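In what follows, a structure is listed as structure tokens, so that the remarks can point back to it.
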Amino acid sequence: MRILIYGAGMRVEPWLADLRAALPTADVAEWTPGAAPADYAIVWAPPQQLIDEQPGLRAIFNLGAGVDPVMKLRLPAGLPVVRMEDAGMAVQMAEYVCHALIRHFRELDGYEHDMRARRWGVRKPRERKDWPVGILGLGVLGQRVARAVASFEFPVRGWSRTPRVMDGVECFAGPDQLDAFLAGTRVLVCLLPLTADTADILNRRTLGRLLPGAYLINIARGAHLVDDDLLALLDSGHMAGATLDVFRTEPLPLDHPFWGDARITLTPHGAARTLREASVTQIVGKLVALERGEPVAGVVDPTRGY
Ligand code: NAP
Ligand code: GLV
């Protein structure tokens with residue numbers, strides 16, 4: 001069995017070493033143009049050339065939860081694309097969202113500013129009931145985040161494509177229930193996959209339906225957000241701020257207005273990192289199952305795009 005690995009912007013050597021250790025009888029190599037035919041490819045943001053040069057692939061494993069960089073390519077019909085499911089990312093997302101939420105809700109930036117100015121004074125406590133948190137996407141990561149947020153006793157609501165039932169979470173589904181979901185949300189967390197249906201979903205109309213003084217946490221993809229619409233809603237005072245981990249162009253161009261905007265906290269697409277050990281274990285487990293002809297979870301449905 002021959003396996004190729006390619007990761008845009010990644011150092012593949014440690015991955016090669018771990019995969020070779022886990023699959024000692026396999027021929028595991030880095031993909032470079034013209035590489036010999038392989039049975040499987042393990043990729044992050046591969047070029048079209050890799051797909052075109054490897055017509056014999058039996059499956060592609062995506063080194064991340066979001067498969068948008070693969071699904072935008074021309075893929076042979078029927079080629080399974082297998083995504084990463086959790087593999088240590090869900091708890092990182094829970095940490096990230098709880099940090100951003102509590103930092104904003106408890107006005108910790110304001111306190112830091114005051115204390116640096118040697119100003120002593122507590123602020124009026126806010127009531128959790130006035131701060132419902134809405135999570136767009138109740139999948140592997142969204143559900144973990146919903147549980148973590150609920151443990152701090154915030155009201156939690158979630159929106160998915162198909163109806164879901166989750167203890168302690170008010171669930172909404174489909175385009176018909178989006179407005180009702182938004183209308184009762186003050187802190188909006190985006191954990192949707194990027195598909196034709198979800199691109200630009202964070203826009204003037206949808207963000208404008210949130211409760212006044214809303215706060216956005218986007219940790220899914222930059223193309224979910226219409227940047228200028230967020231800036232306009234911040235300027236109008238409808239939105240109080242945002243924490244953004246993902247951007248339309250990454251790295252964020254140096255002349256982008258998000259840089260230096262005190263209302264926006266930025267991180268460099270690191271809310272949940274792909275962890276090598278957990279990822280190799282998951283990929284190897286699924287690859288061995290596929291070789292045995294067994295079904296595996298996390299296979300992308302090309303009609304849904306995720
Ligand atoms: P997932 O398990 O596939 O969950 C996706 C959720 O979104 C599901 O609940 C799905 O609904 C919902 N959804 C999809 N399309 C929808 C639509 N048109 N309308 C309403 N709901 C829709 O994905 P995941 O593992 O949680 O990952 C989510 C995303 O996080 C990834 O795609 C990736 O872009 C992003 N991510 C970012 C980072 C980072 O570091 N910033 C790291 C990892 C992942 P159903 O439940 O009905 O299917
Ligand atoms: C990272 O962005 C991922 O999709 O895993």
Side-chain angles (χ1 to χ4, degrees), residues 7-10 42-46 61-72 81-97 99-100 134-148 156-166 169 171-182 188-202 206 216-225 243-248 250-252 265-276 278-279 282-283 297-306:
M10 280 173 50
I42 301 174
V43 300
W44 177 251
F61 289 90
N62 183 58
L63 281 171
V67 288
D68 45 299
V70 173
M71 299 314 286
K72 73 179 185 195
V81 175
V82 187
R83 72 187 197 90
M84 206 64 81
E85 296 169 290
D86 186 353
M89 285 186 277
V91 70
Q92 296 179 66
M93 283 303 192
E95 287 166 353
Y96 187 98
V97 170
H99 172 86
I135 301 166
L136 290 166
L138 277 182
V140 174
L141 304 180
Q143 288 190 28
R144 181 69 182 84
V145 167
R147 284 203 307 277
V156 185
R157 36 185 44 219
W159 185 68
S160 51
R161 197 178 52 86
T162 54
R164 301 245 157 205
V165 177
M166 240 192 114
V169 179
C171 292
F172 299 77
D176 293 349
Q177 294 182 8
L178 178 59
D179 283 359
F181 161 84
L182 295 168
L188 183 68
V189 178
C190 182
L191 267 170
L192 291 166
L194 180 62
T195 65
D197 291 335
T198 66
D200 296 334
I201 194 165
L202 305 171
T206 54
L216 172 68
I217 302 174
N218 186 19
I219 44 190
R221 288 291 184 263
H224 285 128
L225 174 64
T243 290
L244 307 176
D245 182 56
V246 286
F247 306 93
R248 281 180 183 264
E250 295 180 359
L252 185 64
T265 297
L266 308 174
T267 53
H269 197 148
R273 306 297 309 277
T274 297
L275 303 177
R276 196 169 69 246
S279 303
Q282 186 173 115
I283 289 169
V299 178
V300 175
D301 175 345
T303 60
R304 296 182 324 191
Y306 72 98

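Worth saying up front: this structure is predicted, and the values here are computed from it rather than measured. Atoms within each ligand, like the ligands themselves, are counted from 1 in listed order. The residues of the chain are indexed from 1 along the displayed sequence.
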TODO: Using distance alone, decide if ligand 1 has a nitrogen or oxygen within less than 3.5 Å of any nitrogen or oxygen in R221.
DONE: yes
Task: Sub-4.0 Å atoms of ligand 1 with respect to non-hydrogen atoms of D197 - done: 18 (N)
Task: ligand 1 to R304 polar contact by distance, N or O atoms, under 3.5 Å - done: no
Task: Heavy-atom closest pair, residues A148 and A94 - done: CB-CB, 3.7 Å
Open item on the list: If the cut-off is 4.0 Å to any non-hydrogen atom of H269, which atoms of ligand 1 fall inside it?
Closed with: 39 (C), 40 (O), 41 (N)
- [ ] Considering non-hydrogen atoms only, spot the tightest contact between V300 and G305 and give its length.
- [x] CG1-C, 4.1 Å
TODO: Considering heavy atoms of the protein only, find what lies nearest to atom 19 (N) of ligand 1 and give residue, atom and distance to 0.1 Å.
DONE: W159 CH2, 3.2 Å
Task: V67, any N or O under 3.5 Å of ligand 1 N or O - done: no
TODO: Using a strict cut-off of 4.0 Å, indicate which atoms of ligand 1 neighbour a heavy atom of V246.
DONE: 41 (N)
Open item on the list: Just to check, does R83 reach to within less than 4.0 Å of ligand 1 when the distance is taken from its heavy atoms?
Closed with: yes
Task: Any N/O pair V140/ligand 1 closer than 3.5 Å - done: yes
Task: For atom 7 (O) of ligand 1, the protein heavy atom that lies nearest, with its residue and separation - done: P193 CD, 3.3 Å
- [ ] Report the residues that fulfil side chain to side chain contact (heavy atoms under 4.5 Å, CB included) with D176, sequence neighbours left out, ordered by chain and then residue number.
- [x] none
TODO: Report yes if some heavy atom in the side chain of Y306 is under 4.5 Å from a heavy atom in the side chain of L192; otherwise report no.
DONE: no
Between ligand 2 and the protein, which N/O pairs fall short of 3.5 Å?
from, atom 1, to, atom 2, distance (Å)
ligand 2, 2 (O), R221, NH1, 2.9
ligand 2, 2 (O), H269, NE2, 2.6
ligand 2, 4 (O), A65, N, 3.4
ligand 2, 4 (O), G66, N, 2.8
ligand 2, 4 (O), R221, NH2, 2.8
ligand 2, 5 (O), A65, N, 2.7

- [ ] Ignoring angles and geometry beyond distance, decide whether G270 reaches within less than 3.5 Å of ligand 1 through its nitrogen or oxygen atoms.
- [x] no
Open item on the list: Quick check on R304: does its CZ atom have over 12 non-hydrogen neighbours (other residues, nucleotides or ligands) under 6.0 Å away?
Closed with: yes
Task: Nearest protein heavy atom with distance in Å, relative to atom 37 (C) of ligand 1 - done: I219 O, 3.1 Å
TODO: If you have a sec, work out which protein heavy atom is nearest atom 8 (C) of ligand 1 and how many Å separate them, to one decimal?
DONE: G139 N, 3.7 Å
Open item on the list: Below a 4.0 angstrom heavy-atom separation, can you tell me which part of L191, side chain or backbone, both or neither, approaches ligand 1?
Closed with: both
Task: Test item: M10 and T274 side chains (from C-beta on) under 4.5 Å apart, heavy atoms - done: no
Open item on the list: In the structure I gave you, are the side-chain heavy atoms of W44 and N62 within less than 4.5 Å of one another anywhere?
Closed with: yes
Task: Minimum heavy-atom distance between G64 and M89, given as atom pair plus value - done: C-CE, 4.4 Å
Task: Closest non-hydrogen atom pair between A271 and M93, with its separation - done: CB-SD, 3.8 Å
Task: Minimum heavy-atom distance A65-R83, with the two atoms named - done: O-NH1, 3.2 Å
Task: Top protein contact for atom 48 (O) of ligand 1, by heavy-atom distance - done: Y306 OH, 2.6 Å
TODO: Would you mind reporting whether T195 and R161 have side-chain heavy atoms less than 4.5 Å apart?
DONE: no
Task: Salt-bridge contact R248-D200 (side-chain N to carboxylate O under 4.0 Å) - done: yes
Task: Proximity of L194 to ligand 1 by residue part, where a heavy atom lies under 4.0 Å - done: neither
TODO: Consider every N or O of R161 and every N or O of ligand 1, then say whether any pair is closer than 3.5 Å.
DONE: yes
Open item on the list: Would L141 count as being in polar contact with ligand 1, using the rule that some N or O on each side must be under 3.5 angstrom apart?
Closed with: yes
- [ ] Tell me which protein heavy atom sits closest to atom 47 (O) of ligand 1, plus the residue, atom name and distance to 0.1 Å.
- [x] T162 OG1, 2.5 Å
Open item on the list: Tell me whether D245 has any N or O atom under 3.5 angstrom from an N or O of ligand 1.
Closed with: yes
- [ ] Return the residue, atom name and 0.1 Å-rounded distance of the protein heavy atom closest to atom 9 (O) of ligand 1.
- [x] L138 N, 2.9 Å
- [ ] Determine whether R147 and M166 make a side-chain contact, defined as any pair of heavy atoms from C-beta on separated by less than 4.5 Å.
- [x] yes
Task: I283 and M84, any side-chain heavy atoms less than 4.5 Å apart - done: yes
Task: Contact (N/O only, under 3.5 Å) between D68 and ligand 1 - done: no
Task: Selection from H224, M89, M93 by shortest heavy-atom distance to atom 38 (C) of ligand 1 - done: M93
- [ ] Please confirm whether T195 comes within less than 3.5 Å of ligand 1 when only nitrogen or oxygen atoms on both sides are compared.
- [x] no
Open item on the list: Just to verify, which of I217, L216, T265, T267 counts as forming a side chain to side chain contact (heavy atoms under 4.5 Å, CB included) with L244?
Closed with: L216
Open item on the list: Using the side chain to side chain donor-acceptor pair (under 3.5 Å) criterion, which residues pair with Q177? Sequence neighbours excluded.
Closed with: none
Task: Side chain proximity check, D68 to P193, heavy atoms < 4.5 angstrom - done: no
Open item on the list: Holding to side chain to side chain contact (heavy atoms under 4.5 Å, CB included), I want the full list of residues that pass it with R157, two or more places apart in sequence or in another chain.
Closed with: E170, F172, F181, T185
Open item on the list: With the threshold set at under 4.0 angstrom, would you say G64 reaches ligand 1 through any of its heavy atoms?
Closed with: no
- [ ] May I ask you to test the L136-L202 pair for a side-chain heavy-atom distance under 4.5 Å?
- [x] yes
Open item on the list: Any heavy atom of L192 closer to ligand 1 than 4.0 angstrom?
Closed with: yes
